[in-house]
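All residue numbers refer to positions in the sequence shown, counting from 1. All values below come from the heavy atoms of this structure, side chains included, with hydrogens, waters and symmetry mates left out. Both ligands and their constituent atoms are indexed starting at 1 by order of listing.
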Amino acid sequence: MTAPEPRKAPVLRVRDLVKEYGEGDAKVRALRGVNLDVERGDYVAIMGASGSGKSTLMNILGCLDIPTSGTYLIDGADVGRLNEHQLAILRNRRVGFVFQSFNLIPRMSALANVELPLVYGGIGQAERRERAMAALEQVGLTDRVHHEPNQLSGGQQQRVALARALAHQPALLLADEPTGNLDTASTGDVLQILDRLSESGRTIVLITHEDDVSAHAKRVIRLVDGEIVEDRRQAPVDGAPPRMALT
Ligand code: ADP
Ligand code: MG
């Protein structure tokens with residue numbers, strides 16, 4: 001594997017990223033040359049109207065899709081130069097992904113869902129259990145670990161998905177509209193968890209089209225038609241209170 005750069009390397013370095021779908025008249029340029037660095041510990045909200053390329057960018061950064069051209073490094077590793085095996089390891093260990101629709105596996109307990117990436121990561125049973133429990137504790141769900149997704153509220157399901165993304169202690173947490181399917185109270189719970197993760201130094205890139213959500217980030221990037229048109233820092237709204245009262 002490419003030797004990781006010293007710890008000072010940004011978690012993300014994106015250069016001239018282009019993504020086109022289709023060909024000829026049907027060609028869609030979803031990303032038109034995106035440049036972006038994200039430093040360790042940053043909390044970035046990527047905003048933009050529907051169709052502006054947010055999910056396309058996220059899927060490429062999460063190694064779920066490949067760009068048409070351009071390069072990007074995650075934690076110092078040049079993703080375009082990795083073979084399938086290295087890519088699988090990167091995807092599994094260094095990036096945690098949270099989707100709008102939770103994407104939990106039905107008829108599997110919350111605990112088993114959180115353990116799954118650790119199974120793929122080849123981690124032994126005892127340690128797996130310990131890490132998954134710790135991740136579920138981080139999201140305030142220790143009393144729901146044996147519940148299956150359909151026995152949990154939307155907000156609780158998203159917190160399980162967050163725990164699953166965190167179980168590997170990823171260098172980067174990517175979240176594509178994580179509160180898009182949630183009511184106000186559950187949105188607050190998820191944002192509170194993200195605030196706390198950010199305060200503890202985790203690097204977060206979140207996609208949203210809601211100002212209430214992006215207000216929690218330290219930096220806001222706006223995409224229009226596949227291009228970054230704005231990139232600004234802001235003082236995030238007040239962080240999480242010292243104790244959570246999640247239900
Ligand atoms: P957003 O997440 O900001 O709503 P997307 O990244 O999903 O935007 O889409 C950006 C553009 O790329 C849109 O015009 C969309 O229609 C197009 N697009 C996305 N995925 C595909 C695909 N698999 N095939 C063809 N076009 C696509
Ligand atoms: Mg989208």
*Asks:* With a heavy-atom distance limit of 4.0 Å, tell me whether Thr56 approaches ligand 1 through its side chain, its backbone, both, or neither.
*Replies:*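 It is both parts that get close, each with some atom under 4.0 Å.
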*Asks:* Could you give the distance from NZ (Lys54) to CZ (Arg222), rounded to the nearest 0.5 Å?
*Replies:* 10.5 Å
*Asks:* What's the separation between atom CD in Gln100 and atom CD in Gln158, rounded to the nearest 0.5 Å?
*Replies:* 9.0 Å
*Asks:* Can you report which non-hydrogen protein atom sits closest to atom 12 (O) of ligand 1, along with the distance?
*Replies:*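 Of the protein heavy atoms, Ala30 CB, 3.5 Å lies nearest.
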*Asks:* For the residue pair Gln157 and Leu104, what are the closest heavy atoms and their distance?
*Replies:* O-CD1, 3.5 Å
*Asks:* May I ask whether atom 27 (C) of ligand 1 is less than 4.0 Å from at least one protein heavy atom?
*Replies:* yes
*Asks:* Give the residue, atom name and distance (to 0.1 Å) of the protein heavy atom nearest atom 23 (N) of ligand 1.
*Replies:* Tyr21 CE2, 3.6 Å
*Asks:* When rounded to the nearest 0.5 angstrom, what is the spacing between CD1 in Ile207 and CE in Met47?
*Replies:* 11.0 Å
*Asks:* So, are Asp231 and Arg219 salt-bridged, with charged N and O less than 4.0 Å apart?
*Replies:*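 Answer for the salt bridge query: yes.
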*Asks:* State the atoms of ligand 1, each with its element, that fall below the 4.0 Å cut-off from a heavy-atom position in Ala49.
*Replies:*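 Within the 4.0 Å cut-off of Ala49, ligand 1 contributes 3 (O).
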*Asks:* Would you give the length of the straight line joining atom CG of Asp183 to atom OG of Ser153, rounded to the nearest 0.5 angstrom?
*Replies:*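 So the gap between those two atoms works out to 7.5 Å.
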*Asks:* Got the closest protein heavy atom to atom 8 (O) of ligand 1, with its distance?
*Replies:*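 Here the closest protein heavy atom is Gly53 N, 3.3 Å.
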*Asks:* Of the choices Gly51, Gly48, Ser55, Gly226, which has the non-hydrogen atom that lies closest to atom 11 (C) of ligand 1?
*Replies:* Gly51
*Asks:* In this structure, which one of Val11, Asp42, Ile46 forms a side-chain contact (heavy atoms from CB on, under 4.5 Å) with Val205?
*Replies:*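 Considering Val11, Asp42, Ile46, a side-chain contact (heavy atoms from CB on, under 4.5 Å) with Val205 is found only for Ile46.
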*Asks:* Is the distance from the Mg ion (ligand 2) to the nearest N/O/S atom of Thr56 under 2.8 Å?
*Replies:*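 No, outside the cut-off.
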*Asks:* What atoms of ligand 1 come closer than 4.0 angstrom to any heavy atom of Val28?
*Replies:* 12 (O), 14 (O), 17 (C)
